[in-house]
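Following: one structure in structure tokens, then a few remarks.
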Amino acid sequence: MKIQNGTIWKDTEGNVLHAHGGHILKHEGVYYWYGEDRRDNLYVSCYASEDLVNWSLRRHVLRTDSPVRETRVRADLHLVHEDGSKVNIERPKVLYNEKTGKFVMWMHYENGRDYRCAAAAVATCDTPDGDFVYHGSFNPYGEMSRDCTLFRDGEKAYFLSASRDNADMHMYLLQEDWLNVERFTANFWQGEYREAPAVVKRGDLYYILSSFCTGWAPNQGKYAAARCLEQGFGFQREIGDETTYHSQPAFILKLEGTEETSYIYVGDRWNGKDYFDSRYVWFPLEFGEDGSVRMIPCDELEIDAETGRVRAL
Ligand code: GAL
């Protein structure tokens, strides 16, 4: 099966696929792709696939009229303003917590008018593709929190987000139900202005990819590797070209097949003038024994979700 990078992708009904800034979660043999859906009263949509190529729309899982419920965390519960205008939800990520049986979504929240809220928001659901219940937005430990990602390491989960007006990257360990941050574990890349973080583990090493801060315009991607996640990431090296092949990280898909484990960089090729004309690119990542990472740009990617084999064409 092949995907065509940089073209408009359609779901199995022939409609444009709306899943930017997103994340893929595998649950009981099915891949669920969550991402931004900025149309009408929508915020996040969820698509499902077994082959990673054909995606069917399951539900608009977060909308202006989504159910809202307070948790123990004091938060701003508004999903819409009094005048009916939308807030802004970006970069939704979802993990499944076996202890609570909940699918937990973290995202970046703004008021839809500017980027000054710089907040994290949380929602949960009993099924991967049901109506998510919104639990509100807050500033973790009072800190700014913009471009974000979730990363699961065994039973632990971490939330990472750009802070201090994007100058630094923060990492938090989540509490055991993943509904709140537990501990501020690391503050790294001070003054380096990185965003769009994406984390993956391979062997003993944790890797992070990120972009520089230039809004919708693409820039030089970088990566860093660490042995101890909780200490954060240090020195970054460049990956891809000066525009990361015209893309910005959304997440890294670890594809564990029957024969191979492959790592796919999923990037957004934004159109800053027309958001809805933004595209996706999926590029294989190649890892060196010395901790280096290479991105393999391609127009087409052949994927075999069963064996785990991917090939850049
Ligand atoms: C980018 C960021 C996107 C979105 C955009 C808005 O830098 O990665 O998620 O927030 O800015 O300009």
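Order of listing sets the numbers, starting from 1, for every ligand and every atom in it. Note that the structure is predicted; figures quoted are calculated from it, not measured.
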Are Arg227 and Tyr206 in a cation-pi contact, defined as NZ or CZ under 6.0 Å from the six-membered ring centre and within 45° of the axis?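 Pair Arg227/Tyr206 does not count as cation-pi.
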According to ring-ring contact (aromatic ring centres under 6.0 Å, His included), who are the partners of Tyr31, at least two apart in sequence or on a separate chain?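 By the ring-ring contact (aromatic ring centres under 6.0 Å, His included) rule, Tyr31 matches no residue at all.
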Do Tyr223 and Ser292 have side chains that approach each other closer than 4.5 Å (heavy atoms only, starting at C-beta)?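 Contact flag for Tyr223/Ser292 side chains = yes.
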Is the closest side-chain heavy-atom distance between Met171 and Leu229 below 4.5 Å?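 With C-beta onward as the side chain, the pair touches.
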Test Leu25 against every option in Val94, Val30, Leu150 by the side chain to side chain contact (heavy atoms under 4.5 Å, CB included) rule and name the one that passes.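 Checked Val94, Val30, Leu150 against Leu25; only one passes side chain to side chain contact (heavy atoms under 4.5 Å, CB included): Val94.
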Please list, by chain and number, the protein residues whose heavy atoms come under 4.0 Å of ligand 1.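 These residues qualify: Glu90, Arg91, Tyr115, Asp147, Glu195, Gly215, Trp216, Gln248.
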So His20 and Trp270, would you call those rings parallel, tilted or perpendicular, with 30° and 60° as cut-offs?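 Aromatic pair His20/Trp270 classed tilted.
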